[in-house]
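I have placed the structure first, in the form of structure tokens, so that the comments after it can refer back to it.
Every chain is numbered from 1 and lettered A, B, ... according to where its sequence line falls, protein lines coming before strand lines.
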Number of protein chains: 2
Amino acid sequence: MAELLDSRDSGSRSGTLYVASVEKGFRVLRAVRRAQRELGRNDVSLTEIARLSDMDKSAAQRFTNTLVHLGYLEKDARTRRYRPGVELLELGYSYLVGSRLSEIATARMVAASNVYGTAVNLCVQHGPNVVYIVRIPHENTPFRATLIGRRVPMFSAAAGIAMLGGSSDEHVEETLARSDFKPVTEWTITDPDVVRARIAAARADGYAISDQQSLPHEISTAAPVLDAEGKAIAAVQIAVYRPSWTLDEVNAKIVPLITELARTVSGTYFPER
Amino acid sequence: MAELLDSRDSGSRSGTLYVASVEKGFRVLRAVRRAQRELGRNDVSLTEIARLSDMDKSAAQRFTNTLVHLGYLEKDARTRRYRPGVELLELGYSYLVGSRLSEIATARMVAASNVYGTAVNLCVQHGPNVVYIVRIPHENTPFRATLIGRRVPMFSAAAGIAMLGGSSDEHVEETLARSDFKPVTEWTITDPDVVRARIAAARADGYAISDQQSLPHEISTAAPVLDAEGKAIAAVQIAVYRPSWTLDEVNAKIVPLITELARTVSGTYFPER
DNA sequence: TTTCTTGTATTATTATATAATATATGTTGT
DNA sequence: ACAACATATATTATATAATAATACAAGAAA
């Protein structure tokens, strides 16, 4: 696999056009993120960073020091532990402020959120994952479900199924090939063929429903935002929670709302349709 | 100024513990951000990046290529222009998911948002700026006012004045010394002494009001989140818009709401108080 | 077409990142 | 309180890996 990449290929992950030190800097930031996930702690020691980023102590020392100076890491003077720095938000802001899709969708999503009193989200595909880019929280929304930048697997999220329903077969298979099919909750569907069936259904229906696939108690409904050629470029999604809501109620109330919202956003984003 | 830094000081912006290539990588990302601000465009050419990041063509080439491979920049194959990549959101997520303050505040902010039907925000200080870390949008909220990571000057924002009201005099002067006092709107107060007077008033009152200081038509009210020693660590803020709202209405309705919200968040974040 | 601007690829050079080591600081257990 | 240990910080010689000059290619403009 790696041998297929000519190490002299300038445009690759090696060669003179690739600056490995930049990658290592981000490896440290990802190590801090891993510590949050795996160790459940928000501050990390130097040795932990070295281990999680697979660097020696000296390298971890140089890169943490650099990132602290740039504001992307903060260092507790007393404990000497590192945590994510506020400056990181500026980077995400750069993506969001340039997203015309977010801009168009936000106002409509706020309005939709008021109709049935639910949270409303917008997400795009990134590799095998769905990434949330706009979130309108509502009362009783779990904290995790309010965070921009959060990612969940395409194959389990309603938004992922809905988007794949609006994608070519090649794209579906490409995406599934990159998916690991690890269960997220105890109800997660991990059989690729069942997932393909769900995608086919979503293609026919124009929406998808996931019952407790990503979070316990959560019933998630999503519909694709389509471009001028009818291909999915994003999905709008509404989450409601058991036992306040049942699947029947979702079908009766949320489905019409989310499909209408998706249609409106699509039409505004691509006025020529 | 630069001479004061011993170039052999290992913990500084030069020396063996500082990896300059990491900084240059971020310089490119900042150049893209500058292009958004100054050129008003979301995609940037290689030569523009070189100019905005103050690098030669070769350097810009190497760092853009690296960042594209890492997913932090996207490159349009046809136009050969660069724009921010989705992967940037993961970095901001890392900060947000670890913020206990955000977690505690979010639920209360959603509830407060429903009371008078307004947007509610949470922000922290970063240098001379206020950075928004939680935003609950509401109907008619301008897109800019929904974005996490957005920064506005401390000296003009109600949240900034409120936080400085809950800070030591040294900290106030430090912050003002780093401020440029450039007007944001045509009504922005740029006289440092008037700003000091506003901070003193906020200290006495426990809240601050900014009338069209950061955005036209926007009346912004903020109160500080205080730690166990009574020092400000954040601020909650509510924005309403003229002409639907007047200053009198804000004083009557929003002020009690925002001070109560700040008190609740403070008390939950520091239960010992 | 020609000319100019912008993007891509290659190369020799040495500056800059590296990792081994030494020292300092803090933490744990008896 | 003192060892014994773990972890963080500082220093240095070395060579790797980043650099920038340049050549080439591809679009855009005239």
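- Using a 3.5 Å distance cut-off with no hydrogens or angles, the side chains of B/Tyr18 and B/Glu23 do pair a donor with an acceptor.
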Polar atom pairs between nucleotides 5-7 of chain C and protein, under 3.5 Å, N or O only, would you list them?
from  : atom 1 : to      : atom 2 : distance (Å)
C/dG7 : OP1    : B/Leu46 : N      : 3.1
C/dG7 : OP2    : B/Thr47 : N      : 3.0
C/dG7 : OP2    : B/Thr47 : OG1    : 3.1
C/dG7 : O6     : B/Lys57 : NZ     : 3.2

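- Here the side chains of B/Val152 and B/Arg144 are not in contact, with every heavy-atom distance at 4.5 Å or above.
- Taking the side chain to side chain contact (heavy atoms under 4.5 Å, CB included) definition, one finds that A/Thr268 meets it with A/Ile104, A/Arg108, A/Thr264, sequence neighbours left out.
- With sequence neighbours left out, A/Ser58 forms a side-chain hydrogen bond (donor to acceptor under 3.5 Å, both in side chains) with no residue at all.
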Please tabulate the protein-to-nucleotide N/O contacts below 3.5 Å involving nucleotides 18-20 of chain D, giving atom names and distances.
from   : atom 1 : to      : atom 2 : distance (Å)
D/dA18 : OP1    : A/Ala20 : N      : 3.1
D/dA18 : OP1    : A/Ser21 : N      : 3.3
D/dT19 : OP1    : B/Lys24 : NZ     : 2.6
D/dT19 : OP2    : B/Arg62 : NH1    : 2.0
D/dT19 : O5'    : B/Arg62 : NH1    : 3.1

For nucleotides 28-30 of chain D, give me every protein contact, N/O to N/O, under 3.5 Å, one pair per line with atom names.
none

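- A distance below 6.0 Å separates the ring centres of A/Phe26 and B/Phe26.
- A donor-acceptor contact shorter than 3.5 Å links the side chain of B/Ser266 to the backbone of B/Leu226.
- Atom CG in B/Asn65 sits about 13 Å away from atom P in C/dT10, given to the nearest Å.
- B/Arg83 places no side-chain N or O within 3.5 Å of a backbone atom of B/Glu74 that could act as its donor or acceptor partner.
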List the steps, then state whether side chain to side chain contact (heavy atoms under 4.5 Å, CB included) holds for B/Arg80 with B/Leu46.
CA-CA 8 Å; B/Arg80 297 160 177 215; B/Leu46 184 65; over 6 Å; no

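- Side-chain contact between A/Tyr72 and A/Thr66 is absent, with no heavy atoms from C-beta onward closer than 4.5 Å.
- What separates CD of B/Gln61 from P of D/dA23 is a distance of 16 Å, to the nearest Å.
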Please tabulate, for the side chains in residues 88-103 of chain A, all donor-acceptor contacts under 3.5 angstrom to protein atoms that are two or more places apart in sequence or on a different chain.
from     : atom 1 : to       : atom 2 : distance (Å)
A/Glu90  : OE1    : B/Arg151 : NE     : 3.0
A/Tyr93  : OH     : B/Arg150 : NH1    : 3.2
A/Ser99  : OG     : A/Ser102 : N      : 3.1
A/Ser99  : OG     : A/Ser102 : OG     : 2.8
A/Arg100 : NH2    : A/Tyr269 : O      : 3.1

